[in-house]
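This report concerns only the one structure given below.
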Amino acid sequence: DTEVTQTPKHLVMGMTNKKSLKCEQHMGHRAMYWYKQKAKKPPELMFVYSYEKLSINESVPSRFSPECPNSSLLNLHLHALQPEDSALYLCASSQDGRGRNEQFFGPGTRLTVL
Amino acid sequence: KNQVEQSPQSLIILEGKNCTLQCNYTVSPFSNLRWYKQDTGRGPVSLTIMTFSENTKSNGRYTATLDADTKQSSLHITASQLSDSASYICVVSPNRDDKIIFGKGTRLHILP
């Protein structure tokens, strides 16, 4: 299985809602990533988990809260988001957290904040 | 400063024609360079990955070249198809445990 899956595919939420994005991989990878991508822009790194520990937080606002329950799962908890947080959220995984390893991307969750 | 620059920003060609996309980078030291294809609203999909010792790599109608001396790469698409319409992103990995560096991509439009 060489696939990274993400749910839901689309999400619409209000600024007072609490929601979660989910990501799963079964490639035995020990690093998982969250990226945010605005239209016509490259992905921007948000968080990196390496061996289930948060290794990189790119100064992301606290309204985004990552969680890595085990080596196959990655969640992104959302609370009190702003309309400018609307974007495509991509999950990726790699063999480990070293940048030289290829990252495999999921299909993304299209998030709209009203 | 480590940077990856891609050109052109966008490209329109007729179905069946060939095209070449460019990527210049200033990343040093260098580990590998990857080309990704990203359909609108979808995640990037890897096309090729090359280390500094590789000059060319093919994946079907996609052929990537790398000149590590001039720090340039190209992605050549042969006999384009409508399904090739997408963004093509060049990604460079430093030879350290650093984050990968994304280019801004080339938006390719194939017209029938």
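Numbers restart at 1 for each chain; the letters A, B, ... are given by sequence-line order, proteins then strands.
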Region of A:Gln6 that comes under 4.5 Å of a non-hydrogen atom in chain B: neither

Looking at A:Ala92, A:Ala39, A:Pro42, which one has more heavy-atom pairs under 4.5 Å with chain B than the rest? A:Pro42

Is it the side chain or the backbone of A:Asn101 that comes within 4.5 Å of chain B heavy atoms, both, or neither? backbone

Please lay out, stage by stage, how A:Gln37 and B:Phe102 fare under the test side-chain contact (heavy atoms from CB on, under 4.5 Å). CA-CA 12 Å; A:Gln37 186 177 26; B:Phe102 289 82; over 6 Å; no

Tell me, for B:Arg34 versus chain A, whether the close heavy atoms (under 4.5 Å) come from the side chain, the backbone, both or neither. side chain

Cut-off 4.5 Å, heavy atoms of chain B, and the answer for A:Tyr35 is side chain

Are B:Leu21 and B:Leu82 in one and the same hydrophobic cluster, where Ile, Leu, Val, Met, Phe, Trp and Tyr link if side-chain heavy atoms are under 4.5 Å apart? yes

Begin with the C-alpha distance, continue with both residues' side-chain angles, and end with the deciding distance and a verdict on side-chain contact (heavy atoms from CB on, under 4.5 Å) for A:Leu90 and B:Gln38. CA-CA 12 Å; A:Leu90 295 166; B:Gln38 185 175 23; 4.1 Å; yes

Walk me through it: do A:Glu102 and B:Ile100 pass the test side-chain contact (heavy atoms from CB on, under 4.5 Å)? CA-CA 9 Å; A:Glu102 183 173 3; B:Ile100 59 177; over 6 Å; no

Crowding at CD, B:Gln9 (>12 non-hydrogen neighbours, <6.0 Å): no

Got a sec, which pairs hit side chain to side chain donor-acceptor pair (under 3.5 Å) with one end in residues 42-57 of chain A, sequence neighbours left out? A:Arg30-A:Glu52

B:Trp35-A:Phe105 co-clustered via ILVMFWY side chain contacts under 4.5 Å: no

Who among B:Gly41, B:Gly105, B:Ser87 has the most heavy-atom pairs with chain A under 4.5 Å? B:Gly41

Tell me, yes or no, whether the heavy-atom count around B:Lys57 atom NZ, taken from other residues, nucleotides or ligands under 6.0 Å, exceeds 12. yes

Exceeds 12 heavy-atom contacts within 6.0 angstrom, atom NZ of A:Lys40: no

Spell out, yes or no, whether A:Val4 and B:Leu47 are grouped together once hydrophobic residues are joined by side-chain heavy atoms under 4.5 Å, including indirect joins. no

Go through it in stages, so that I can follow the logic: the residues are B:Lys99 and A:Glu58, the test is side-chain contact (heavy atoms from CB on, under 4.5 Å), and I'd like the CA-CA distance, side-chain angles, deciding distance and then a yes or no. CA-CA 11 Å; B:Lys99 303 186 296 284; A:Glu58 289 289 291; 3.7 Å; yes

